[in-house]
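The structure displayed is predicted, hence computed values, not measured ones. Below, chain A is the first sequence line, B the second, and so on; all start at residue 1.
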Amino acid sequence: MRPANPVSCSQGASEQLISLIKSCAHESHLLQIHAHILRTRSLEDPTISLRFLSRVSLSPFGRVSYARRFFSQIKNPSLAEFNTMIRAYSGSDSPEEGLYLYREMRRLGERTNSLTSSFCIKSCTKMASLTGGLQIHGRIVRDGHQSDSLLLTALMDFYSICCKSEQACAVFDEMPERDTVAWNVLISCYLRNCRTRDVLAVFDAMIGGECGCQPDDVTCLHVLQACTSLNALEFGGRVHEYIQERGYGDAVKLCNSLITMYSRCGSMDKAFMVFKGMRVKNVVSWSALISGLAMNGKGREAIEAYLAMLRANVVPDDQTFTGVLSACSHSGLVEEGMLFFEEMSKDFQRMPNVHHYGCMVDLLGRAGLLDQAYELIMSMSSKPDSTIWRTLLGACRIHRHVALGERVVWHLTELKAQEAGDYVLLLNTYSSVGDWERVTEVRKFMKDNGIQTTPGCTTITLNGIVHEFTVDDVSHPRQNEIYTMLDEIGSQLKIAGYVPEISSELHNLSSEEKGYRLSNHSEKLAIAFGILATPPGTTIRLANNLRICVDCHNFAKVLSSVYDRMVIIRDRSRLHHFQGGHCSCNDYW
DNA sequence: CTAGGGTTAG
């Protein structure tokens, strides 16, 4: 029997409904409950409607459209209901709706609180909408919520996402108290905005008790990422120790991150140790191992790992295949690569994405199958992006294929995506076949159009301090010693047969104009500093933002034997291990 | 816990 007056509906019935909402396990149940609520007019019971709304907007039934429909049936939504709805929007695919609702609230003169702002900021973060966020920030100040630490933490993350790290720091500085999450957001801001050196410094400060809180598992995840990008193995090892001290050793995310850090820092055995020690491995663990092996030039082992993964009944995903295909391309396993490329869609229903195509173009291109690579690009269902064309352009340079190189640059121009590096590649293609006229032409074009090359930058991390070098750097406090050391290294290497390469790789245009004098690439400066600042026998680990040039490659090769030092350089795409006069990659690329 | 905020692997 339907109660005559729903508001007076018995306590028992209400509780029953609430427990029904709580235990609901299927979307169809929700629909039934919804119908029941409408039928019994329990919608007017604020406890019920709020509960139902938040249940609907929560995963795994996180369907905003459904929540919106229900919300619209509520006559006078309470602040709590407005907030719940905005929260649902902020986590959905249409975060802007949250802001619309917020504006509607203000228009209606509804009360808002700091949670309302918090959800709105989340919407802005998701949209990376700077203007929207600035408005909310203004509101926060006007509403007097500027000492709400949680709200400010969300605001920091917003600025960080919008690449406004200085504003993020300003918010951080104004926070009345900063807990671990606040520090974590600061770290993630540094990480996102290329301030990795500051990440290490903050971690040290936290450990040293200067921040009033200790690093947690999330802190470690961030710091490990920083170590990965800096090729800072030693620091990463310290983080690993900390993880064990704190008892985080079983956390899957952390282990996966450790595998990546170790393998991308060239320490495959440690990566493997972490992997083996994991009681629960997921697809991420396997993929991290596979791409780690790939990056270290161990293509066969990467394929072995992939097969072992299948035997362990772990289903590969897109990133697994990216790892497998890049393993094939780094190790020149053309046939295997083609096979996996076909298999991924046939056996695993995974349609190749740009990364997979990129690997295939790289694979075919390096193998000299340039036309086939071009065909593959043209056959793509989605529009090829600039990275794909750039990969092919790199292959054109290696194989001195001028005509195709020109065509590729044309494609890049059409995409309006051409960058300085592309012209340098084209220029190098011309110079590799001795077409100096065209070289001059391209150079003039670049000069006339003010096209600047990306400055190469190499870092070396010692004792948690990041030392950064650029071409012909004069900013390091020990620059005099470094240049003296570089001179000495130069004469030692010359004796051992190292000949500077000046014509084949026109890496840096200004040096070219200085009359073919080879400038001191950042890699060399960092190596000289490494020799200077570490005891004999210590491995020198560098990270470079571009691609190591032929000359620096030779330099490192000869140096590894003359100075009996292992040198590990990570550039844009791979890891080069130099030892005893050899490099782990068979030839230069 | 009962409405509810911030960071998070390959």
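Residues A:N545 and A:R572 are not in side-chain contact: their nearest non-hydrogen atoms beyond the backbone lie 4.5 Å or more apart.
The distance between the ring centers of A:H137 and A:F158 does not fall below 6.0 angstrom. For A:Y306 and A:F340, the ring centers sit closer than 6.0 Å to each other.
A:N113 and A:D143 form no side-chain donor-acceptor contact under 3.5 Å, judged by distance and modelled atom types alone. Under 3.5 Å, the side chains of A:T125 and A:D157 contain no donor-acceptor pair of N or O atoms. When only modelled atom types and interatomic distance are considered, A:T228 and A:R264 share no side-chain donor-acceptor pair under 3.5 Å.
Interface residues of residues 119-128 of chain A facing DNA chain B, ordered by number: A:F119, A:K122; criterion, heavy-atom separation under 4.0 Å. Of the residues in residues 289-311 of chain A, none has a non-hydrogen atom less than 4.0 angstrom from any atom of DNA chain B. Non-hydrogen atoms lying under 4.0 Å from DNA chain B are contributed by A:D148, A:L150, A:L151, all within residues 141-152 of chain A. Within a heavy-atom distance below 4.0 Å of DNA chain B, the residues of residues 209-224 of chain A found are A:V218, A:L221, A:H222. For DNA chain B, no neighbouring residue in residues 230-251 of chain A is found when judged by any heavy atom under 4.0 Å.
When heavy atoms are screened at a 4.0 angstrom cut-off, A:R178 is found touching no nucleic acid atom at all. Counting any heavy atom pair closer than 4.0 Å across all strands shown, A:V181 reaches a base atom. Residue A:T322 is classed as having no contact, given no heavy-atom separation below 4.0 Å to the nucleic acid. Nucleic acid contact for A:N83: base, since at least one base atom lies under 4.0 Å from a heavy atom of the residue. Within 4.0 Å of A:T180, counting heavy atoms only, lies no atom of the nucleic acid at all.
Using a 4.0 Å cut-off between a side-chain N of Lys or Arg and a carboxylate O of Asp or Glu, A:R390 and A:D362 do not qualify as a salt bridge. Taking the charged nitrogens against the carboxylate oxygens, A:R547 and A:D571 have no contact shorter than 4.0 Å, which rules out a salt bridge.
Annotation: salt bridge (Lys or Arg N to Asp or Glu O under 4.0 Å) contacts of A:R107 (sequence neighbours excluded): A:E104. Evaluation of the side-chain hydrogen bond (donor to acceptor under 3.5 Å, both in side chains) rule for A:N296 yields A:H577 as partners, not counting sequence neighbours. With sequence neighbours excluded, the residues satisfying side-chain hydrogen bond (donor to acceptor under 3.5 Å, both in side chains) with A:D204 are A:R238.
Exactly one residue among A:L186, A:N184, A:D148, A:V181 makes a side chain to side chain contact (heavy atoms under 4.5 Å, CB included) with A:T153. That residue is A:V181. A ring pair (Phe, Tyr, Trp, His ring centres under 6.0 Å) with A:F341 is found for one member of A:F348, A:F321, A:Y357 and no other, namely A:Y357.
The ring-ring contact (aromatic ring centres under 6.0 Å, His included) contacts involving residues 72-91 of chain A comprise A:F71-A:F82, where partners must be two or more places apart or lie in separate chains.
The separation of B:dG10 from B:dG6, taken at their C1' atoms, amounts to 25 Å, rounded to a whole angstrom. Here the separation of B:dA9 from B:dG5, taken at their C1' atoms, is 24 Å to the nearest Å.
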Show which side-chain atoms of residues 167-178 of chain A pair as donor or acceptor with protein atoms under 3.5 Å away, not counting sequence neighbours.
| residue | atom | partner | partner atom | Å |
| --- | --- | --- | --- | --- |
| A:R178 | NE | A:F172 | O | 2.9 |
| A:R178 | NH2 | A:F172 | O | 3.3 |
| A:R178 | NH2 | A:D173 | O | 3.0 |

Validation: residues 280-288 of chain A side-chain donor-acceptor distances under 3.5 Å, sequence neighbours left out:
| residue | atom | partner | partner atom | Å |
| --- | --- | --- | --- | --- |
| A:K281 | NZ | A:M278 | O | 3.2 |
| A:N282 | OD1 | A:N256 | ND2 | 3.4 |
| A:N282 | OD1 | A:V284 | N | 3.0 |
| A:N282 | OD1 | A:S285 | N | 3.0 |
| A:N282 | OD1 | A:S285 | OG | 2.9 |
| A:S285 | OG | A:N256 | OD1 | 2.8 |
| A:S285 | OG | A:N282 | N | 2.9 |
| A:S285 | OG | A:N282 | O | 3.3 |
| A:S287 | OG | A:V283 | O | 2.7 |
| A:S287 | OG | A:T320 | OG1 | 2.9 |

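Of all nucleotides in DNA chain B, those with any atom nearer than 4.0 Å to a heavy atom of chain A start and finish, going 5' to 3', at B:dT2 to B:dG10.
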Give the intermediate values and the outcome of side chain to side chain donor-acceptor pair (under 3.5 Å) for residues A:N231 and A:N544. CA-CA 9 Å; A:N231 198 4; A:N544 182 275; over 6 Å; no
Step by step, work out the side chain to side chain contact (heavy atoms under 4.5 Å, CB included) result for A:V239 and A:C220. CA-CA 7 Å; A:V239 178; A:C220 294; 4.1 Å; yes
